[in-house]
Participant: 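Before I ask anything, let me first share the structure, which is written out below as structure tokens.
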Amino acid sequence: MERIPILRMGGFLVVSIQVDMHDRLAMSLQEELTTRIVETNARGVLIDISTLDMVDSFIGRMIGNIADMSRILDAETVVVGMQPAVAITMVELGLTLSGVRTALNVERGMDLLRTLVGQRLVEDGDGRFED
């Protein structure tokens, strides 16, 4: 079965979707990613969708669900690399992805995650961000 690799970079998990996303693969990614967040105590998830040419309503909802589940598991999520056609399609489908933060590229996404996690650590007084 096809899998999407999930890489660990410090306190973050990085997912780079390099294949055509279909419903079963999206469900598998959701399960595996939430498991890895718990196993690694990740504070952030970066999802790179720059190779996706299209996103249907199911895949769009799955991205939103992943962000919601990550937040419940105490991890921020940033989606990067969205193609203009994908953004247009998502708006036309009425998918707002509320609660999903986005950035233009991986570098900006990592900066955003560091900022979000840093703000939470200060607010919480939580020293959990360890490697």
Side-chain angles (χ1 to χ4, degrees):
M1 182 169 127
E2 252 180 332
R3 287 185 62 225
I4 296 173
I6 300 170
L7 307 173
R8 183 174 181 196
M9 291 182 66
F12 302 140
L13 297 176
V14 178
V15 178
S16 182
I17 301 171
Q18 301 292 317
V19 296
D20 287 333
M21 202 66 158
H22 52 78
D23 296 359
R24 189 173 52 210
L25 186 57
M27 295 291 291
S28 173
L29 174 62
Q30 178 179 284
E31 277 184 45
E32 189 174 347
L33 187 55
T34 54
T35 299
R36 291 285 306 276
I37 290 169
V38 172
E39 289 174 352
T40 64
N41 207 19
R43 296 304 298 262
V45 175
L46 184 133
I47 302 173
D48 180 4
I49 63 169
S50 59
T51 62
L52 293 183
D53 294 329
M54 64 171 277
V55 172
D56 63 16
S57 60
F58 181 78
I59 302 301
R61 278 195 317 274
M62 291 306 297
I63 291 170
N65 289 347
I66 287 170
D68 289 343
M69 290 175 199
S70 297
R71 194 169 26 264
I72 289 170
L73 296 171
D74 199 26
E76 298 288 341
T77 301
V78 175
V79 174
V80 301
M82 187 177 301
Q83 299 291 334
V86 171
I88 291 166
T89 300
M90 291 178 80
V91 169
E92 288 174 348
L93 291 172
L95 298 172
T96 58
L97 297 182
S98 61
V100 176
R101 302 199 188 240
T102 60
L104 288 178
N105 57 43
V106 172
E107 184 179 355
R108 287 186 177 181
M110 291 300 279
D111 288 344
L112 179 55
L113 275 177
R114 286 184 196 103
T115 299
L116 293 169
V117 168
Q119 288 172 351
R120 284 190 22 218
L121 290 175
V122 169
E123 290 170 9
D124 300 4
D126 179 350
R128 193 179 98 175
F129 189 57
E130 301 167 358
D131 215 352

Participant: What do you reckon, is CZ of Arg36 surrounded by more than 12 foreign heavy atoms closer than 6.0 Å?
Facilitator: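 Yes.
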
Participant: Test side-chain contact (heavy atoms from CB on, under 4.5 Å) on Leu29 and Val15; report intermediate values, then the result.
Facilitator: CA-CA 9 Å; Leu29 174 62; Val15 178; 4.0 Å; yes

Participant: Answer with yes or no whether the hydrophobic clustering places Met54 together with Val100; edges join I, L, V, M, F, W, Y residues whose side-chain heavy atoms lie under 4.5 Å apart.
Facilitator: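 No, Met54 and Val100 fall in different hydrophobic clusters.
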
Participant: Heavy atoms only: give me the nearest Val117-Arg43 pair and the separation to one decimal.
Facilitator: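 Of all heavy-atom pairs spanning Val117 and Arg43, the closest is CG2-O, 3.4 Å.
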
Participant: Mind checking whether Leu73 and Ile6 sit in one hydrophobic cluster, side chains of I, L, V, M, F, W, Y counted as touching below 4.5 Å?
Facilitator: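 Leu73 and Ile6: one cluster.
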
Participant: Would Glu2 and Arg24 satisfy side-chain contact (heavy atoms from CB on, under 4.5 Å), going step by step from the backbone distance to the final call?
Facilitator: CA-CA 10 Å; Glu2 252 180 332; Arg24 189 173 52 210; over 6 Å; no

Participant: State, with a plain yes or no, whether a side-chain heavy atom of Asp23 is found less than 4.5 Å away from one of Ile59.
Facilitator: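 Yes, side chains in contact.
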
Participant: Mind listing the closest non-hydrogen atom pair of Gly44 and Leu113 along with its distance?
Facilitator: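 Residues Gly44 and Leu113, closest heavy atoms: CA-CD2, 4.0 Å.
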
Participant: Just wondering, do Arg114 and Phe12 contact through their side chains at under 4.5 Å, heavy atoms?
Facilitator: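 Phe12 reaches Arg114 side chain to side chain.
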
Participant: Near Asp20 CG, under 6.0 Å, is it more than 12 heavy atoms from other residues, nucleotides or ligands?
Facilitator: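 It does not: Asp20 CG has 12 such atoms or fewer within range.
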
Participant: Decide yes or no for Thr77 and Arg71: does some side-chain heavy atom of the first lie under 4.5 Å from some side-chain heavy atom of the second?
Facilitator: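 Thr77 does not reach Arg71 side chain to side chain.
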
Participant: Looking at side-chain heavy atoms only, is the closest gap between Ile17 and Asp48 below 4.5 Å?
Facilitator: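 Ile17 vs Asp48: side chains apart.
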
Participant: Hey, does Val80 have a side-chain heavy atom less than 4.5 Å from the side chain of Ile47?
Facilitator: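 A side-chain contact under 4.5 Å is absent here.
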
Participant: Between Val19 and Ile66, is there a shared hydrophobic cluster once you connect ILVMFWY residues whose side-chain heavy atoms come closer than 4.5 Å?
Facilitator: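 Yes: a chain of side-chain contacts under 4.5 Å links Val19 to Ile66.
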
Participant: Is there a path from Ile49 to Met27 through hydrophobic residues (I, L, V, M, F, W, Y) whose side chains come within less than 4.5 Å of each other?
Facilitator: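 Cluster IDs for Ile49 and Met27 match.
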
Participant: Heavy-atom distance under 4.5 Å between the side chains of Leu13 and Leu46, does that happen here?
Facilitator: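 The answer is no; the side chains never approach within 4.5 Å.
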
Participant: Do Glu32 and Arg3 meet the salt-bridge criterion of a basic N to acidic O distance under 4.0 Å?
Facilitator: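 Result for this pair is yes, salt bridge flagged.
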
